[in-house]
Every structure is written in C-alpha cells, then in structure tokens.
Amino acid sequence: NSRHPLFISVVIPAYNEEAVLGACLRALSAQDYPGPCEVIVVDNASTDGTAAVARSWGARVVSEPRRGIACARQAGCAVARGAILAGTDADTVVPPNWLSAIARRFQEHPEATAAAGYFRLWDGPVLARVLTRVGDALSPAIARCLPWAWNFCGNNYAVRASAFRAVGDPARRSRRVPRPPHRARS
C-alpha cells in the first residue's frame, strides 16, 4: 500500500572502505524514495577512516569487532529498525530508484519474503565484467526455466526484517555439527 510507505533499513558492511564508501553513500542520499529509511554502516574493525566517512554522510555507524562480512551484516541487521532490510556493499553505487524499486516490489507482492536484483561491474578484471553482463543477459531466460535458481547477491538484496530475524544469527550459532552414532559392523 503506497499510502503507508515501508521503513527501509540499508545495511552496509565495511572493512577499510574509506576510499569508496563516499560514492555509495552519495548514491543512497540521492534516492527518490519518499518513505522513511535509515543507512547503517557496520565498521568491521577498519583501520582507516571508514567510520568517519560514514558519519560525514549522516549514516549510523555500528562497530563489529568480529571480522568477516557475515558478522558485519548480522550486526547491522540486529540494530536495524526497518520493516525491510536492504543490503549493499560499500563499493556499490545503487541507482536513484533503488529503494523505490525495493518498496514497490514488497508492496506489489505482500507474500514475498526477499528480493534480489542484478548488478554490473564497471571496473575490475575484464573477465569478471564480461561474465556479469552475460549473466544479466541470461538471467530472464534462466528465471523462466528454473524459477527456483535465482541469484541472491550481498550487494543488491532486500528481505523482510521479520523473516530475517526468524532465521536467527548463523554467525552466533555453534558451528559444530553432531555426528551420527558410530555403528560397528558385524
């Protein structure tokens, strides 16, 4: 329902991203979404000015000393206030309609738990850039043939906060998997 805009929390894990974070936050500040949103940058034990850059753009900064993108993402989602948790990376520049597109998708599909989208690499290794463009071109055909085989990338996703929290925090769960009892052969 567009009369009741969704509160969207954008969570950005960041480790030593001082050089690229500004472009990401600039793009987020230029969103055309009229509804409420917050931007959370999770400083994952950076040794550069990542946190200062985030604060200069008005982002909420959360510190996460446990290294790793999963721990950082979880820490940001744990404090997020939005009904929708949107994730992107510190080196990603989202289009101006990114949040509006996310809100529209969840409003048009109230049964949806998560949504993810395409991305394009503008720099980096040539092979990686070519493969992402080929993947973009093939994705609609793959989605029609294999509707369960969709891509859920950390730089362009959104999930209902209620569903995310229902799953729990895998970073805090025991990594120990119980073994079945040993049976002696007779």
Side-chain angles (χ1 to χ4, degrees), residues 6-33 37-82 84-103 105-106 113-136 139 150-161 163-165 167 169-171:
L6 296 168
F7 186 146
I8 302 175
S9 295
V10 179
V11 177
I12 306 167
Y15 171 71
N16 288 345
E17 301 285 4
E18 177 182 22
V20 295
L21 182 58
C24 174
L25 296 174
R26 181 179 305 108
L28 287 168
S29 72
Q31 292 296 295
D32 65 5
Y33 182 58
C37 66
E38 67 177 344
V39 176
I40 301 167
V41 173
V42 184
D43 182 6
N44 199 204
S46 297
T47 58
D48 67 358
T50 295
V53 170
R55 285 187 188 95
S56 75
W57 281 94
R60 179 177 172 194
V61 176
V62 173
S63 295
E64 174 51 65
R66 295 175 300 152
R67 294 281 289 279
I69 196 164
C71 293
R73 188 167 283 127
Q74 291 295 135
C77 290
V79 301
R81 299 174 305 172
I84 304 296
L85 306 175
T88 192
D89 291 336
D91 62 352
T92 300
V93 176
V94 297
N97 68 335
W98 187 60
L99 292 178
S100 292
I102 288 169
R105 178 64 63 177
F106 282 103
T113 301
Y118 304 113
F119 67 93
R120 177 156 295 148
L121 298 177
W122 296 103
D123 59 10
V126 173
L127 181 59
R129 288 182 290 172
V130 168
L131 289 176
T132 59
R133 286 191 171 94
V134 168
D136 282 354
S139 289
W150 54 285
N151 192 3
F152 196 86
C153 293
N155 64 350
N156 186 9
Y157 77 92
V159 63
R160 290 193 189 276
F164 188 89
R165 292 191 175 103
V167 172
D169 183 350

Test your reading of the model: is there a side-chain donor-acceptor pair from R160 to the backbone of F106, 3.5 Å cut-off?
yes
Heavy-atom donor-acceptor pair, T50 side chain to E18 backbone, under 3.5 Å
yes
One should read off an interatomic distance between D91 CG and I12 CD1, to the nearest 0.5 angstrom, of 10.5 Å
Looking only at heavy atoms, what is the nearest atom pair of A75 and E64, with distance?
CB-OE1, 3.4 Å
Kindly give the heavy-atom pair with the smallest separation between P96 and A30, and that separation in Å.
CB-O, 3.9 Å
Nearest non-hydrogen partners of Y157 and C77, listed with the distance:
OH-SG, 4.4 Å
Check A27 against V93 and note the closest heavy-atom contact, atom names and distance.
CB-CG1, 3.7 Å
Do we see a donor-acceptor contact under 3.5 Å between the side chains of S100 and N97?
no
Which side-chain N or O atoms in residues 52-62 pair as donor and acceptor under 3.5 Å with protein atoms at least two apart or in another chain?
| unit_1 | atom_1 | unit_2 | atom_2 | d |
| --- | --- | --- | --- | --- |
| S56 | OG | V53 | O | 2.7 |
| R60 | NH1 | V79 | O | 3.2 |

Which atom names give the shortest non-hydrogen contact between S9 and G82, and what distance separates them?
OG-N, 2.7 Å
Please check this pair: side chain of N156 against backbone of A116, looking for a donor-acceptor N/O pair closer than 3.5 Å.
no
Apply side chain to side chain contact (heavy atoms under 4.5 Å, CB included) to residues D89 and I69 and explain how you reach the verdict.
CA-CA 10 Å; D89 291 336; I69 196 164; 4.1 Å; yes
Euclidean distance, I102 CD1 relative to L85 CG, rounded to 0.5 Å
10.5 Å
Please determine if R67 forms a cation-pi arrangement with Y15, meaning its NZ or CZ atom is less than 6.0 Å from the six-membered ring centre and no more than 45° off the ring axis.
yes
Closest non-hydrogen atoms of G87 and W98, given as atom of the first, atom of the second and distance, are O-CZ2, 3.7 Å
One should read off an interatomic distance between I8 CD1 and Q31 CD, to the nearest 0.5 angstrom, of 9.0 Å
T92: side-chain hydrogen bond (donor to acceptor under 3.5 Å, both in side chains) partners, not counting sequence neighbours:
none
Go through it in stages, so that I can follow the logic: the residues are V94 and V10, the test is side chain to side chain contact (heavy atoms under 4.5 Å, CB included), and I'd like the CA-CA distance, side-chain angles, deciding distance and then a yes or no.
CA-CA 11 Å; V94 297; V10 179; over 6 Å; no
